[in-house]
**Q** 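Right, I'll just put the structure down here and ask away after.
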Amino acid sequence: VKTKTLEIPEGRNKEGCSHDGKKWKTLEHKGPLFPPEYEPLPENVSFYYNGEHVQLSPATEEVATFYAKMLEHEYTTKEVFQKNFFADWREEMTDEERGLIRSLSKCDFREIHQYFLDQAEKRKAMTKEEKRQKEAQKLLTEEYSFCTLDGHREKIGNFRVEPPGLFRGRGEHPKMGKLKKRIQPEDITINCSKDSKIPAPPAGHRWKKVQHDDTVTWLVSWVENVQGSIKYIMLNPSSKLKGEKDWQKYEIARKLKLKVDAIRSEYRRDWKSREMKKRQRGVAIYFIDKLALRAGNEKEEGETADTVGCCSLRVEHITLHEQLDGLEHVVEFDFLGKDSIRYYNKVPVEKRVLKNLKLFMENKNPDDDLFDRINTTYLNKTLQDSMKGLTAKVFRTYNASTTLQDQLNRLTSSDMSVEEKILAYNRANRAVAILCNHQRAAPKTFEKSMQNLQEKIELKEKLLETAKKELKEAKNQYRQNKTDKLKKLVEQKEKVVERLKEQLKKLRLQMTDREENKVIALGTSKLNYLDPRISVAWCKKFGVPIEKIYNKTQRDKFAWAIDMTDEDFQF
DNA sequence: GTCCAGACTTGACAGCAGTGAG
DNA sequence: CTCACTGCTGTCAAGTCTGGAC
């Protein structure tokens, strides 16, 4: 039986929060799966120092293989990467090795590199027998991929412990190249219920700790050595626990929809405040609302790449223009955001905003904070006063979902073909991705695949032309000699023309879609920002199969929405 | 207030499997 | 059957936000 309104789970209030912070009653699992032990290189594969063969100790050799595997990557050409790697590698060496190996430039990993290339080649040419073995292996690991939470079998998101390797940060990360160490069972904390079957550590080992904390959702955790942060094993997005949280997130965003007008007048009032702090707050929230910027927490300098969000914007990240490209009062943004993705945007703003920004920038250096009186904690406290549960990131969710809903309403009509509807959907999705600045590297094969598509279109055009000629010819013949046979021929030729026209149209749509998608990533917004009920309702209303919009993983994650939504739902 | 640990969401991307054309 | 291309899945880094200690 499909319920139209989601039932409020037992022990939860209407926002889906547990009253007592408890996330589960029972939790049982098998613990984490460890990566395989290091296998030393065969004897005929050598490392060379200064041209001489050197037999490395297993621990040193393992770290050398991490570097050797990356030899072709741009990373290894960066000085920071090399420096970090070499320092950490030397830590792993025996005294003797450390005495000998003093300069990375004298190290020759090429033979090791080639060895791994050959191995990859071999793996590709795997026989059926080996593939069957792989399948069997998969079956063996399957039991690790599920747990039992409150009596339900649930899929786990990441049940493997991360393997050792070299840290690859994004952008200009000061820690790139550092050694990410192998995690031992002795580093691992297990979280499960008291009365459950406690997972067994590997033979000869023991866990760091076994705890029974029902106020958190993770099953396994460990501390990672590069940043000192905690890593977790948690449930898959398809799980009930994650699904409810997701639903709750969108409900809060819908609540903002009802309050947003009041909040907007409030922050506009702040623009005129006597207090500098309130003015900054007003402008920051305006940016977060209008441009879907991230909150922008402070980051530890020198520990991470230099990236910013709204509150951490610096003077150097914006340029003010009284006039630009025929527009008035324009702010030009240019900064690196999350994952060192560039945000570049020229935005016309209200006169008062520009005036305020000028004020904020007065007597400051380029590397001074633009909003020096506020931070994300203060901003979120203010937002909480306007609406319970409101934080900066809710604006991203709200604006993304609202945009999708608006765009879909505007771009779809029922007389479109399914293909046209899907193009409309993708366009709506794309508007959101642009708003949220979700970018991707242009696919490596982009130019080529566009060219292929173009050729296909040209071929179709020719076929269509020929078909049209044949149709005309057939019509002529029929006019002169009205036989049944010729009538049939005309009909047949008409059908061919029709079919070709359809195919051509489809190809052209595909081309447009792909071109417009070149550097835009749709996945992130689809997965994290767009209320799935909007898409489900749209599919139902316009007769588009849900499979055209969501793949299997996405359908699993959004099962809650697919179940509960009818075609009238509006965000 | 400020600092920091902790928990959880968000994000780009590599590598793989599946698929359809030749 | 092979090969090229695409879409999916897993990976793990990088954010947000909360709460507690001082």
Side-chain angles (χ1 to χ4, degrees), chain A residues 21 23 35 70 73 120 123-124 126 131 134 145 156-163 165 167-171 173 175-176 180 189 191 213 215-218 221 223-224 226-237 241-242 245-246 248-249 288 293-300 303-305 307-312 336-341 375-381 383-384 389-397 400 433 436-446 448-450 452-453 456 510 514 519-529 550-557:
Chain A
K23 305 288 170 60
M70 304 173 77
H73 203 287
R123 225 171 306 128
K124 253 187 236 158
M126 218 163 35
K131 276 185 183 154
K134 209 173 157 192
S145 71
I156 297 171
N158 56 323
F159 51 93
R160 288 173 202 277
V161 170
E162 291 176 14
F167 177 81
R168 310 143 89 122
R170 317 252 165 90
H173 198 115
K175 296 199 171 179
M176 64 169 82
K180 196 168 111 172
T189 300
N191 194 45
D213 184 352
T215 68
V216 295
T217 65
W218 54 267
S221 77
V223 174
E224 159 270 343
V226 176
Q227 315 262 26
S229 64
I230 310 170
K231 298 269 185 167
Y232 302 94
I233 289 181
M234 289 185 189
L235 293 187
N236 189 276
L241 193 78
K242 294 282 189 191
K245 197 80 193 296
D246 209 33
Q248 186 191 328
K249 174 180 82 185
I288 285 168
L293 299 190
R294 296 187 187 84
N297 286 305
E298 304 88 307
K299 299 175 68 179
E300 262 180 292
E303 299 282 299
T304 52
T307 62
V308 297
C310 185
C311 289
S312 47
L336 297 183
K338 181 176 178 181
D339 294 323
S340 293
I341 297 290
N375 59 35
T376 55
T377 311
Y378 170 70
L379 214 69
N380 282 336
K381 278 214 177 91
L383 293 173
Q384 303 274 1
L390 183 61
T391 59
K393 82 187 186 93
V394 179
F395 280 91
R396 258 168 98 78
T397 313
C436 294
N437 200 38
H438 290 143
Q439 300 186 19
R440 63 165 182 178
K444 283 187 193 82
T445 54
F446 184 81
K448 184 127 184 286
S449 78
M450 276 313 250
N452 288 347
L453 205 49
K456 260 192 200 171
Q510 219 183 83
R514 207 177 292 181
V519 290
I520 312 284
L522 300 185
T524 305
S525 51
K526 210 181 209 179
L527 228 50
N528 299 302
Y529 289 104
Y550 290 144
N551 68 32
K552 180 74 172 73
T553 320
Q554 293 163 342
R555 292 200 298 278
D556 284 345
K557 168 165 178 172

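Here is the naming used below: chain letters follow the sequence lines, and residue numbers restart at 1 for every chain.
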**Q** Has the side chain of A:Asn191 got a donor or acceptor atom that lies under 3.5 Å from a matching backbone atom of A:Thr217?
**A** no
**Q** Identify whether any heavy atom of A:Thr217 sits under 4.0 Å from a base atom; if not, whether one sits that close to sugar-phosphate; answer base, sugar-phosphate or nothing.
**A** sugar-phosphate
**Q** Considering every strand and a 4.0 Å limit on heavy-atom distances, what is the contact class for A:Glu224: base, sugar-phosphate, or nothing?
**A** nothing
**Q** Give a yes/no on whether any side-chain N or O of A:Lys23 is located under 4.0 angstrom from OP1 or OP2 of B:dC8.
**A**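 Answer yes for this pair, as a side-chain N or O of A:Lys23 is under 4.0 Å from OP1 or OP2.
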**Q** Going by side-chain hydrogen bond (donor to acceptor under 3.5 Å, both in side chains), name the residues that satisfy it together with A:Lys245, two or more places apart in sequence or in a different chain.
**A** none
**Q** Who are the side-chain hydrogen bond (donor to acceptor under 3.5 Å, both in side chains) partners of A:Thr377, not counting sequence neighbours?
**A** none
**Q** Who are the side-chain contact (heavy atoms from CB on, under 4.5 Å) partners of A:Thr189, not counting sequence neighbours?
**A** A:Lys208, A:Lys209, A:Gln211, A:Trp218, A:Ser221
**Q** Starting at CD1 of A:Ile233 and ending at P of B:dA7, how long is that distance when rounded to a whole Å?
**A** 14 Å
**Q** Give one of base, sugar-phosphate or nothing for A:Lys381, where a contact means two heavy atoms less than 4.0 Å apart.
**A**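 Contact class for A:Lys381: none.
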**Q** Would you give a per-nucleotide map of nucleotides 14-22 of chain C, 5' to 3', where B means the base has a protein non-hydrogen atom under 4.0 Å away, S means only the sugar-phosphate does, and - means neither?
**A** BSBBS----
**Q** In whole Å, I'd like the distance from the CE atom of A:Met234 to the C1' atom of C:dT11.
**A** 15 Å
**Q** Between B:dT9 atom C1' and A:Asp246 atom CG, what is the distance in whole Å?
**A**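 Checked: the CG to C1' distance equals 10 Å.
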**Q** Are A:Asn236 and A:Lys557 packed together at the side-chain level, in the sense that at least one heavy-atom pair is separated by less than 4.5 angstrom?
**A** no
**Q** Mapping A:Val216 and A:Cys436 to their closest nucleotides on DNA chain B, which lands nearer the 5' end?
**A** A:Val216
**Q** Hey, which of these two, A:Lys557 or A:Tyr232, hits DNA chain B nearer its 5' end, going by closest nucleotide?
**A** A:Tyr232
**Q** From CG of A:Asp213 over to P of B:dA5, roughly how many Å is that when rounded to an integer?
**A**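 After rounding, the reported distance stands at 18 Å.
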**Q** Could you tell me whether A:Pro163 contacts a base, only the sugar-phosphate backbone, or nothing, with contacts defined as non-hydrogen atoms closer than 4.0 Å?
**A**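 The answer is sugar-phosphate, as A:Pro163 gets under 4.0 Å only of primed atoms, P, OP1 or OP2.
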**Q** Using a 4.0 Å heavy-atom cut-off across all strands, classify A:Lys242 as base, sugar-phosphate, or nothing.
**A** sugar-phosphate
**Q** I'd like to check the side-chain contact (heavy atoms from CB on, under 4.5 Å) partners of A:Asn158; sequence neighbours left out, ordered by chain and number.
**A** A:Ile233
**Q** Ignoring backbone atoms, establish whether A:Ser221 has a side-chain N or O less than 4.0 Å from OP1 or OP2 of B:dA7.
**A**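 No, outside the criterion.
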**Q** Quick one: A:Tyr378 OH to B:dG1 P, roughly how many Å, whole number?
**A**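 Atom-to-atom, A:Tyr378 to B:dG1, this comes out as 10 Å.
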**Q** Under the side-chain contact (heavy atoms from CB on, under 4.5 Å) test, which residues partner A:Ala442, sequence neighbours left out?
**A** A:Lys518, A:Val519
**Q** Can you tell which of B:dG6, B:dT10, C:dC12 lies closest to the side chain of A:Tyr529?
**A**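 Nearest to the side-chain atoms of A:Tyr529, counting from C-beta on, is B:dT10.
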**Q** Is a side-chain donor or acceptor of A:Asn528 paired with a backbone partner of A:Thr524 at a separation under 3.5 angstrom?
**A**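 Yes, the answer is positive, given that a donor and an acceptor are paired below the 3.5 Å cut-off.
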**Q** The criterion is side-chain contact (heavy atoms from CB on, under 4.5 Å); which residues satisfy it with A:Ile341, sequence neighbours excluded?
**A**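 With sequence neighbours excluded, A:Ile341 shows a side-chain contact (heavy atoms from CB on, under 4.5 Å) to A:Asp339, A:Asn437, A:Gln439, given in chain and number order.
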**Q** Between protein and nucleotides 4-8 of chain C, what N or O pairs are separated by less than 3.5 Å?
**A**
unit_1: C:dC5; atom_1: OP1; unit_2: A:Lys448; atom_2: NZ; d: 2.5
unit_1: C:dT6; atom_1: OP1; unit_2: A:Arg514; atom_2: NH1; d: 2.8

**Q** Only counting residues at least two apart or in another chain, list the ones meeting ring-ring contact (aromatic ring centres under 6.0 Å, His included) with A:Tyr529.
**A**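 Expected list: A:His438.
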**Q** Can you tell me the distance, in whole Å, between the NZ atom of A:Lys231 and the P atom of B:dC8?
**A**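 Atom NZ in A:Lys231 sits about 16 Å away from atom P in B:dC8.
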**Q** Of the nucleotides B:dA7, B:dC13, B:dG11, which one has an atom closest to the side chain of A:Ile230?
**A**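 Looking only at side-chain atoms, A:Ile230 lies closest to B:dA7.
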